[in-house]
Every structure is written in structure tokens, then in C-alpha cells.
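Take a look at the structure set out below.
Predicted model, so just to flag it, every value in this text is computed and none were measured. Convention: sequence-line order gives letters A, B, ...; per-chain numbering from 1.
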Number of protein chains: 2
Amino acid sequence: MNAAYDLISRLRDLDGKLNAREQRVASYVLENFGSVVEATLGEVAAAAEVSEPTVIRFCRTLGCEGFKDFKLRLAQNVAVSLQYLENSNVEARGAAPTLDRVLGGIYAAANAARGQVDGGMLDRAVGALRAARQLVFIGLGGGSSMVAFEAANRFFRLGLSATAVNDGYLQRMRAAALEKGDVLFAISASGEARDVVSSVEIANQYGATTLCLTRPDSTLARLAELPILIELPEDQDIFKPTASRIVHLAIIDTLATCVAELRPEETRERLRRIRASLAAVHGRTGPQPIGD
Amino acid sequence: MNAAYDLISRLRDLDGKLNAREQRVASYVLENFGSVVEATLGEVAAAAEVSEPTVIRFCRTLGCEGFKDFKLRLAQNVAVSLQYLENSNVEARGAAPTLDRVLGGIYAAANAARGQVDGGMLDRAVGALRAARQLVFIGLGGGSSMVAFEAANRFFRLGLSATAVNDGYLQRMRAAALEKGDVLFAISASGEARDVVSSVEIANQYGATTLCLTRPDSTLARLAELPILIELPEDQDIFKPTASRIVHLAIIDTLATCVAELRPEETRERLRRIRASLAAVHGRTGPQPIGD
DNA sequence: CGGGTATATGTAGCCTAACTACATCAACTC
DNA sequence: GAGTTGATGTAGTTAGGCTACATATACCCG
């Protein structure tokens with residue numbers, strides 16, 4: 001998508017497939033993002049125990065113009081995660097560094113998503129959503145269930161008939177009641193949640209359009225008609241909730257925004273009505289978030 | 001918090017208070033982040049119509065070591081927003097640039113939050129949460145209600161007695177049933193949602209500990225005992241859902257992580273049990289997100 | 001098995017860009 | 001109105017990135 005953003009993933013892709021000496025550089029860089037950003041060509045060459053031109057060649061292999069360009073892109077690439085990850089080394093626990101870890105995880109997941117999502121995948125989903133007679137979002141297990149509800153919450157504001165269901169039995173029942181023109185949108189971090197998978201199969205049988213937001217190579221990914229697939233980086237930090245939910249919300253927001261922009265007049269009117277309905281509850285009227 | 005992150009705000013702070021020629025440089029930089037990152041000292045000097053040393057002095061005024069250091073920091077500072085904002089200029093609508101807008105909004109909100117949240121605020125909240133006999137999260141209006149449920153979902157995993165309530169009447173009732181040692185955690189984007197505010201007042205009366213996550217200078221902020229306050233940047237993009245929900249989720253994740261780390265053994269055991277309970281539903285067992 | 005070619009890597013030198021020291025100029029003070 | 005301080009530019013130095021070329025290694029084909 002964006003050249004600058006691909007650097008690290010390209011680095012990871014090429015890792016192992018490079019010339020011997022360039023590989024040394026790659027390994028060194030992968031383990032020392034942070035310092036490489038501030039190092040000179042000579043320093044990197046010395047640290048990786050190769051000659052300077054080898055480092056330059058390595059940069060060019062990655063598609064950069066030279067070492068300078070490489071450093072700039074690397075800086076931009078790791079800027080965010082770097083900040084957070086470096087801080088997390090400091091064993092100064094407490095809440096503030098933990099916030100950094102959480103945000104760092106979100107950034108990492110968001111960047112990963114950004115690299116994988118291709119426009120077509122989302123555009124097809126948008127096409128199906130805007131044309132839907134009714135929209136049913138399903139998810140299970142807290143995280144995905146929450147995303148499903150939030151999705152319904154997003155889309156009803158646009159004047160669409162949207163509901164979320166997080167009861168496994170009810171999901172199957174709702175799926176069975178769908179027909180052509182209806183959309184079933186399944187959300188699952190694992191892509192294996194049994195009730196969700198079955199519901200998609202059922203909806204397929206009855207001719208509904210099935211979308212999903214999940215991992216590649218999962219059962220759900222194979223069954224849905226218009227899958228949105230994102231492989232998110234594993235998170236080692238077992239005490240920290242995964243960032244996948246957040247990325248899923250971002251995707252939902254993206255889809256909702258696209259649909260809203262395709263029908264601006266209707267959307268504007270709905271938002272006006274919703275805002276008016278709330279003015280009574282708290283006096284505020286400005287351009288605030290609608291709905292608290 | 002982190003030096004690198006302050007560059008642009010420092011620039012904005014100093015804007016107008018600089019020497020005549022350095023001001024020229026500042027103005028130029030503020031309007032050309034994007035190209036400055038790739039420009040040389042000479043190019044910036046020429047573009048701002050000043051001499052090269054003036055540019056260097058300008059960099060030092062901002063607290064950088066020199067032009068190189070300045071450029072690096074600027075690159076890191078604007079890396080994210082730049083990527084996203086630049087893309088949004090391109091009128092190539094479609095879903096991919098919209099994803100960039102959504103992520104850009106999240107980044108902007110997250111950075112804003114990061115600058116405002118001080119450790120003490122969070123640490124006090126963590127202290128109250130870990131000691132709670134029971135935890136009740138309340139929120140209204142879709143977004144905040146979702147965050148409340150997700151919070152309960154996060155904390156029950158740690159072995160705490162956590163519930164979420166998004167029914168305004170029920171919120172008051174729950175609040176009235178609380179006592180000393182219990183925690184009421186109110187979540188509100190506006191800080192004015194009537195039922196939520198009242199519930200906090202009621203809980204205060206009965207001696208429960210009241211926390212909140214909301215805007216500064218709001219009614220809720222004034223009433224809660226341990227407020228977590230974040231002023232989030234207004235979002236002009238009316239069709240795009242606000243990023244405030246996401247930041248609120250990040251704060252909740254942070255609190256949950258801190259509490260989890262304060263009681264590691266108990267948490268580990270709960271997570272093991274929860275994982276085991278799900279193994280039956282989908283065969284996966286690895287270090288995946290727990291609960292789909 | 002050996003010569004030739006292609007690819008990988010290093011050496012030495014060049015050139016640009018960042019920085020420094022110094023000079024000049026303007027403004028403000030007493 | 002002269003002195004002093006601070007702002008700005010000029011010229012020169014240095015270091016770091018890059019190129020051209022040389023050497024070494026591996027691979028292929030007869």
C-alpha cells in the first residue's frame with residue numbers, strides 16, 4: 001500500500017533469502033531497530049562485521065535508494081512501536097509504561113493489518129453492506145461478540161437494519177431466517193468458533209451474502225463468500241489483552257465510514273435525528289461524538 | 001513523556017516566539033513536514049530563505065542536537081500522522097485510504113491520551129480495582145456501554161467479580177446496592193450522561209469507591225473519587241466514528257494488565273481454566289487470544 | 001576435472017552535506 | 001551617541017555516504 005510502511009515486512013520476507021553478508025546485516029538490523037536509526041553507515045557495517053558497501057547493497061535490495069533513505073524509512077516504520085517498546089525495557093513497571101505496552105501492541109497490530117488489507121477485499125465488503133436489506137453481525141466469546149455489537153451500533157446509525165447476536169443458538173436461528181439480499185457478517189479472532197462457523201454455513205445455504213472478519217487459513221475464512229482476512233502478530237504478553245479486537249474495530253469503522261460516504265444525505269439526516277434525540281439527555285450539541 | 005514525541009508540540013509552542021529568521025524556518029517546517037523529512041540542510045535553508053546556520057540554530061532551539069537529529073525526530077514524530085494524512089489528500093477514496101483515516105484518528109487520539117495520562121492517576125485506579133470486593137462498570141449509548149462490557153469481560157478473567165450494566169435504571173439500582181469496598185466504574189465520552197452521573201452520586205452516598213473514565217471539566221469528572229481524565233482531539237470527519245472508544249479500551253486494557261500483574265498466580269490459574277473451557281469448542285490450544 | 005563466467009564482497013578514493021569559527025550588522029542601553 | 005549584546009551570514013572543515021574498481025568465490029558447462 002504505502003512504500004514506507006512495507007520496509008519491515010519486506011525485511012522479514014527477505015530474511016533468510018539474502019546473500020550471506022547481507023543476511024548478517026538483516027539479522028543485525030532486525031535485532032537493533034532502535035540503534036540503527038541513529039547509527040552511521042560505518043557503525044552499522046562495523047557492528048554487522050561487513051563492509052560499508054555491503055550495507056548499502058542491503059539497503060538497495062530492500063528497495064531503498066541508499067543508506068540514508070533506508071534509515072529514514074526505518075525510522076518512520078519503527079517510530080511508534082519503537083517508542084513504546086524501548087520504554088517497556090525500563091523495568092519501571094507501574095501504569096504508565098503499561099499503557100505504552102498496550103498502545104505499542106495496538107500500533108504493531110494496526111501496522112500489520114495495514115500491510116495485509118488490500119483495497120479490493122474491503123471494497124467488496126462495502127458493496128455488499130450498502131446493498132443489504134438487513135445486516136446481522138455475529139461473534140462469540142467476549143471480544144468478537146463486543147465487536148459484533150459495536151458493528152451493529154455503527155451501521156444502524158447509517159439507516160441500515162443492523163443487529164448483533166452473541167447467543168450461539170440464536171445465531172443459527174437468525175442465519176436460518178436469512179435470505180437473498182440479507183448479509184451475515186461473522187467476526188471471530190480464531191476463525192473456528194463452532195456456532196459462528198455453522199451459522200455461516202446455514203446462511204450460505206439460504207442464499208444470504210456471508211462476510212467475515214477473521215484469520216486467514218481458518219474454517220471461517222474458507223466458508224464465507226467475502227472474507228476480510230488479517231493475520232495478526234502473536235502477542236507474548238499473556239497478561240495483556242490482545243490488540244486484535246482493536247484492529248477489528250478499526251476495520252468495522254472503516255467499513256462504516258465507506259458506507260456512510262456512499263449515502264451522505266441519508267446518513268447526515270440519521271445523524272441529525274440521533275443527535276436531536278440525545279440533546280434532551282445531556283445539553284451538549286456541538287460536533288461531539290454521537291451517543292456518548 | 002518521551003522526548004521524541006514532543007517535537008511538534010514544542011514547535012507549535014515556540015511558534016511566534018522565535019527570532020525573526022528562525023521563525024521563518026518554523027513556519028516553513030510547519031507547513032512542509034513531509035518534504036522537510038527528505039530535504040537537506042541546504043534545501044531547507046533555501047526554501048525558508050535563510051542561511052544554513054540559522055536552520056541549525058533553529059534545530060538547537062527546539063532541543064535537538066543538530067539538523068540531522070532534528071530530521072530524524074521529525075520523521076518519527078510525523079511518521080504516522082503524515083502517512084495517513086497525506087494519503088487522505090489523495091481523492092482516491094475507496095476503502096484503503098479510509099482505513100488510513102481511521103488508523104490515523106486512532107493514532108492521534110492515542111498520542112493525545114499518552115501525553116495526558118499521568119501514572120499516578122492510573123496507579124490510584126489500579127489500587128482501587130485490585131482491592132475491590134465487586135466491580136460494576138457502567139456506560140450508556142453504544143460506545144461507552146460497549147467499553148463497560150469489555151471492561152467487565154477483561155476483569156472477570158482476572159478472578160474479580162465484575163459486571164457491566166448499560167440500562168440506565170438498572171445502573172442506579174446497582175449503584176444503590178453497593179457499599180464500602182465495592183467499586184463503581186463509570187465510562188462516558190461526554191461525561192454528562194444523566195443516568196451515569198446519578199449512579200455515581202448514589203454510589204458515593206453509600207460509601208462505594210467511584211472511578212470514571214471521561215472528559216476533564218465534565219460533571220462526571222467532578223463527582224468521581226478517582227477520575228481518569230482525557231481530553232481527546234475533536235474529529236472533524238463526521239462520517240467516521242470517533243477514536244475515543246478505542247482509547248478508552250486501551251486504558252481499560254492497561255488497568256486490567258496492571259491488576260493482572262499484581263496478582264500473577266491467581267491470574268495465570270484463571271486464564272488456564274478459561275482456556276481449558278474453550279479447548280472443547282475449537283481445538284486450538286496455543287498462545288492464542290483467549291475467548292475468540 | 002578445469003577453465004570461464006557470473007556473482008558476492010571488499011578497498012580506496014571522491015563528493016556532498018552537516019557543522020564550526022569567525023565576521024558583520026542591527027538593536028537596545030546608559 | 002558610543003558600547004554591548006544578540007542576530008545573522010560567510011567561508012572553511014570534517015565526516016559520512018556513495019562509487020568505481022579490484023579481488024575472491026561459487027557455479028556451470030564442456
Side-chain angles (χ1 to χ4, degrees), chain A residues 3-4 7 10-11 13-30 32-78, chain B residues 3-4 7 10-11 13-30 32-78:
Chain A
L7 224 191
R10 211 175 324 160
L11 223 174
D13 284 351
L14 291 172
D15 194 30
K17 301 169 194 165
L18 292 163
N19 292 338
R21 309 317 295 274
E22 289 186 27
Q23 180 59 48
R24 291 177 74 99
V25 183
S27 308
Y28 175 76
V29 170
L30 278 171
N32 301 278
F33 292 146
S35 47
V36 168
V37 169
E38 290 171 355
T40 71
L41 175 60
E43 285 165 1
V44 174
E49 296 178 309
V50 298
S51 69
E52 297 188 359
T54 300
V55 175
I56 294 185
R57 285 180 203 116
F58 160 81
C59 298
R60 302 240 162 97
T61 308
L62 285 174
C64 301
E65 283 180 27
F67 181 71
K68 270 187 170 172
D69 185 42
F70 166 78
K71 238 171 58 173
L72 178 65
R73 287 174 187 235
L74 186 67
Q76 293 182 324
N77 254 267
V78 298
Chain B
L7 223 189
R10 211 175 324 161
L11 223 175
D13 284 352
L14 292 172
D15 194 30
K17 302 170 195 163
L18 292 164
N19 292 340
R21 310 315 296 271
E22 289 186 27
Q23 181 59 47
R24 292 178 73 100
V25 182
S27 308
Y28 176 76
V29 170
L30 278 170
N32 300 279
F33 292 147
S35 48
V36 168
V37 168
E38 289 171 354
T40 72
L41 175 61
E43 284 164 1
V44 175
E49 296 178 309
V50 299
S51 68
E52 297 189 0
T54 301
V55 176
I56 294 186
R57 284 179 205 118
F58 160 80
C59 298
R60 302 240 163 96
T61 308
L62 285 174
C64 300
E65 284 180 26
F67 182 71
K68 270 186 170 172
D69 184 42
F70 166 76
K71 238 172 55 173
L72 178 66
R73 287 176 187 232
L74 185 67
Q76 293 184 323
N77 254 268
V78 298

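- Annotation: proximity of residues 50-65 of chain B to DNA chain C (heavy atom, distance under 4.0 Å) is found for B/Glu52, B/Pro53, B/Ile56, B/Arg60, numbered in ascending order.
- The two atoms that bring A/Cys59 and A/Gly66 nearest to each other are CB-O, 3.7 Å, heavy atoms only.
- Closest of all the heavy-atom pairs between A/Arg24 and A/Glu49 is NH2-OE1, 2.7 Å.
- Where B/Arg21 and A/Thr40 each meet DNA chain D at their nearest nucleotide, the meeting point lying more 5' is that of B/Arg21.
- The backbone N or O of B/Cys64 lies less than 3.5 Å from no partner atom in the side chain of B/Arg73, so there is not a single donor-acceptor pair.
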(message) Working note: B/Phe58 + B/Val50, criterion side-chain contact (heavy atoms from CB on, under 4.5 Å); need CA distance, chi angles, decisive distance, verdict.
(response) CA-CA 11 Å; B/Phe58 160 80; B/Val50 299; over 6 Å; no
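- In 5' to 3' order, the nucleotides of DNA chain C bounding all contacts with chain A (an atom under 4.0 Å from a heavy atom) are C/dA8 to C/dA17.
- Between the side chains of B/Thr61 and B/Glu22, a donor-acceptor pair is found at a separation under 3.5 Å.
- Looking at heavy atoms from C-beta onward, B/Ser27 lies in side-chain contact with B/Gln23 at the 4.5 angstrom threshold.
- For the pair B/Lys71 (side chain) and B/Ala39 (backbone), a donor-acceptor distance under 3.5 Å is present.
- Counting heavy atoms from C-beta on, the side chains of A/Tyr28 and A/Ser35 come closer than 4.5 Å.
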(request) Kindly indicate, with the supporting measurements, whether the criterion side-chain contact (heavy atoms from CB on, under 4.5 Å) is fulfilled by A/Phe70 and A/Val55. (result) CA-CA 10 Å; A/Phe70 166 78; A/Val55 175; over 6 Å; no
(request) Run the numbers on B/Thr40 and B/Val44 for side-chain contact (heavy atoms from CB on, under 4.5 Å), then give the verdict. (result) CA-CA 6 Å; B/Thr40 72; B/Val44 175; over 6 Å; no
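- In summary, contact between chain A and DNA chain D, defined as any nucleotide atom under 4.0 Å from a heavy atom of the protein, begins and ends at D/dG16 to D/dT19 in the 5' to 3' direction.
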